[in-house]
Undergrad: 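My questions will all concern the structure given below.
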Amino acid sequence: MGLPTLISFHNTLCLQDCFVYIICVAAMAVPQVDKKMLGELEVMGFPAIRSIRALHYSGNSNLESAINWLLEHESDPDIDQLPLVLREISIECGDTSNEVRNSAQVVRTHAQERKQEEQTEAGSQKETSLVERELNADEHGEEDRKRILALYKSKLDEEERARGRIQNQVQEDKRERIQAAKDLMEAKRILEEKQRKRMMESQKAEREEEKRARERIRQRINDDKAERRRGLGLPQENTVASTPIVTPKKVKPTEPVVTSEQMRDCLRTLKKNHKDDNARVKRAFQILLKIIANIAKNPEEEKFRRIRLSNPVFKDKVGSLQGGVEFLELCGFQKLRNNSYLYMPRGKVDVALLNAAGVEIASAMENPYFGLLSK
């Protein structure tokens, strides 16, 4: 922005003897722009001087044109200088040079006053726009912070709900697995209980049938005796008086019957006492199964029916585990020579019992929950 200057003199007219000069003085002034669009540009954050330049050079047409002009000329060296336009002032004066000088002085004075007013007005507008931008920026910043906090809180709530759903699903799956295992063990217990009851009922029926058969045989024998005495003409025998005195004989004690439940209990004990070492338990089951299978296939071979308890392999894998030797004793082995050997006599070989023992061992090896959940 420069001071107003006297630019030119022209169009000198001569009317008779009186010279009249028309002086065209050009003064520099700030162009008039649309106040509403200027205010909107300042709210957007553009400086007032740049906004005036953009509106002036874009023809005061619209905001989009002004913004495009600002973006295209933001690197111009005079972007922060107010644009000035020429404003013509016509002054008629006489033919004396003093009048011309006085008129020029008046023009200069007027231009200087106009310049000061424009500078003051531009400064006030700039300060006002700065204050308004700061207030608007503070309001927008506060709204942005509130919006960001609300979004962050909603995101945290959604993550918390997702974690809760995942945790509930994991707990539900765990409860279902535990319930399924309990149902499986309960079903197996009920099945074993039914099998045990059927076996006991079958054994009871067999004993009663044997008792009835013995009674029928005894009655038949008595009837035959009575028939022979009648055929010989002998008197009937007094059963009470003629009851012979039976001399007690040495009866060989009967050995207790080994059941599958006893063998299962022995295998459960072995598994429970070494539940932290599944590999060792599995090796023990494999060796027991091999011993039983060898004897069942080759009952005549004495080497399969004789085990030295001090054998390092047997002692480490079976003998040192509680329940291993006891299981073999249930299968028919006996301890000999100060408990240094396990021996199964040929007459003690019961193939059916050995097969049942093999089935129990195989079942224990296949069932991962064997011996862990039973009481």
Side-chain angles (χ1 to χ4, degrees), residues 177-178 180-200 202-203 253-297 304-345 348-375:
R177 288 196 299 271
I178 293 174
K182 289 182 179 179
D183 294 341
L184 177 63
M185 297 308 300
E186 181 65 18
K188 184 176 180 181
R189 186 190 66 78
I190 294 174
L191 179 62
E192 292 177 351
E193 185 67 22
K194 289 181 178 179
Q195 291 178 350
R196 189 162 48 250
K197 287 182 179 180
R198 285 197 297 269
M199 185 181 297
M200 293 175 63
S202 176
Q203 292 176 353
T254 58
E255 296 181 356
V257 179
V258 178
T259 64
S260 297
E261 185 63 27
Q262 289 176 318
M263 289 188 286
R264 279 196 294 271
D265 290 339
C266 191
L267 294 175
R268 287 194 193 102
T269 301
L270 192 151
K271 183 68 177 290
K272 286 182 179 180
N273 291 334
H274 305 86
K275 61 182 179 180
D276 295 331
D277 195 351
N278 291 328
R280 189 176 183 187
V281 172
K282 184 177 181 180
R283 286 196 301 270
F285 285 169
Q286 291 173 346
I287 292 177
L288 291 174
L289 184 60
K290 185 175 181 180
I291 293 173
I292 298 302
N294 287 337
I295 298 175
K297 293 179 182 178
F304 295 137
R305 296 183 281 107
R306 184 183 182 89
I307 302 174
R308 182 163 56 89
L309 295 176
S310 59
N311 183 290
V313 177
F314 177 81
K315 184 177 181 181
D316 177 62
K317 297 184 178 180
V318 178
S320 60
L321 276 66
Q322 183 179 357
V325 176
E326 289 80 357
F327 182 83
L328 292 175
E329 289 178 341
L330 290 176
C331 295
F333 279 93
Q334 299 175 355
K335 289 184 179 180
L336 300 176
R337 296 184 182 179
N338 298 326
N339 297 330
S340 60
Y341 282 89
L342 283 176
Y343 179 70
M344 181 185 292
K348 295 287 185 179
V349 177
D350 187 347
V351 178
L353 179 62
L354 295 175
N355 289 333
V359 171
E360 295 299 330
I361 296 174
S363 176
M365 293 173 64
E366 294 174 357
N367 185 3
Y369 300 103
F370 180 80
L372 298 179
L373 301 178
S374 60
K375 296 180 180 180

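Only heavy atoms go into these numbers, but all of them, side chains included; no hydrogens, no water, no symmetry mates. As the structure is a prediction and not an experimental result, all values here were calculated from the model.
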Undergrad: Show the nearest heavy-atom pair for residues Phe285 and Leu267, with the distance to one decimal.
TA: CE2-CD2, 3.7 Å
Undergrad: Mind checking side-chain hydrogen bond (donor to acceptor under 3.5 Å, both in side chains) for Asp350 and listing every partner two or more places apart, or none if nothing turns up?
TA: none
Undergrad: Is there side-chain contact between Arg189 and Met185, with heavy atoms separated by less than 4.5 Å?
TA: no
Undergrad: Can you name the side chain to side chain contact (heavy atoms under 4.5 Å, CB included) partners of Ile287, sequence neighbours left out?
TA: Ile291, Lys317, Val318
Undergrad: Just verifying a value: how many Å separate Glu193 CD and Arg198 CZ, rounded to the nearest 0.5 Å?
TA: 11.0 Å
Undergrad: Answer yes or no: is there a side-chain heavy-atom contact under 4.5 Å between Lys335 and Leu342?
TA: yes
Undergrad: Give the minimum heavy-atom separation between Leu270 and Gly323, together with the two atoms involved.
TA: CD1-C, 4.0 Å
Undergrad: Got Leu353 and Met263 here, is their nearest side-chain heavy-atom distance under 4.5 Å?
TA: yes
Undergrad: Could you report the tightest heavy-atom contact between Leu330 and Cys266, atom names first, then the distance?
TA: CD1-CB, 4.1 Å
Undergrad: What is the minimum heavy-atom distance between Ala357 and Cys331, and which atoms define it?
TA: CB-SG, 3.6 Å
Undergrad: Quick one: which residue pairs count as a side-chain hydrogen bond (donor to acceptor under 3.5 Å, both in side chains) with a foot in residues 318-329, not counting sequence neighbours?
TA: Asn273-Gln322, Arg280-Ser320
Undergrad: Residues in side-chain hydrogen bond (donor to acceptor under 3.5 Å, both in side chains) with Asp316, at least two apart?
TA: none
Undergrad: Among Val349, Asn294, Ile292, whose side chain to side chain contact (heavy atoms under 4.5 Å, CB included) with Phe304 holds?
TA: Asn294
Undergrad: Any side-chain heavy atom of Ile361 sitting closer than 4.5 Å to one from Gln286?
TA: no
Undergrad: Considering residues at least two apart in sequence or located in another chain, which fulfil the side-chain hydrogen bond (donor to acceptor under 3.5 Å, both in side chains) criterion with Asp183?
TA: Gln179
Undergrad: Identify, with sequence neighbours excluded, every residue that meets salt bridge (Lys or Arg N to Asp or Glu O under 4.0 Å) alongside Arg264.
TA: Glu261, Glu360
Undergrad: Just verifying a value: how many Å separate Ile295 CD1 and Leu328 CG, rounded to the nearest 0.5 Å?
TA: 8.0 Å
Undergrad: How many angstroms lie between CZ in Phe333 and CZ in Phe327, if you round to the nearest 0.5 Å?
TA: 10.5 Å
Undergrad: Taking only residues two or more places apart in sequence, or in another chain, which ones meet Ser310 in a side-chain hydrogen bond (donor to acceptor under 3.5 Å, both in side chains)?
TA: Arg308
Undergrad: Phe314 versus Ile307: any side-chain heavy-atom pair under 4.5 Å?
TA: yes
Undergrad: Could you give the distance from CD (Gln195) to OG (Ser260), rounded to the nearest 0.5 Å?
TA: 9.0 Å
Undergrad: Under the salt bridge (Lys or Arg N to Asp or Glu O under 4.0 Å) test, which residues partner Glu366, sequence neighbours left out?
TA: none
Undergrad: Using the side chain to side chain contact (heavy atoms under 4.5 Å, CB included) criterion, which residues pair with Ile190? Sequence neighbours excluded.
TA: Glu186, Lys194
Undergrad: Which atoms form the tightest heavy-atom contact between Lys315 and Leu309, and what is the distance?
TA: CB-O, 3.8 Å
Undergrad: Between Thr269 (side chain) and Asp265 (backbone), is there a donor-acceptor pair under 3.5 Å?
TA: yes
Undergrad: Could you check whether any side-chain heavy atom of Tyr343 comes within less than 4.5 Å of a side-chain heavy atom of Gln334, counting everything from C-beta outward?
TA: no
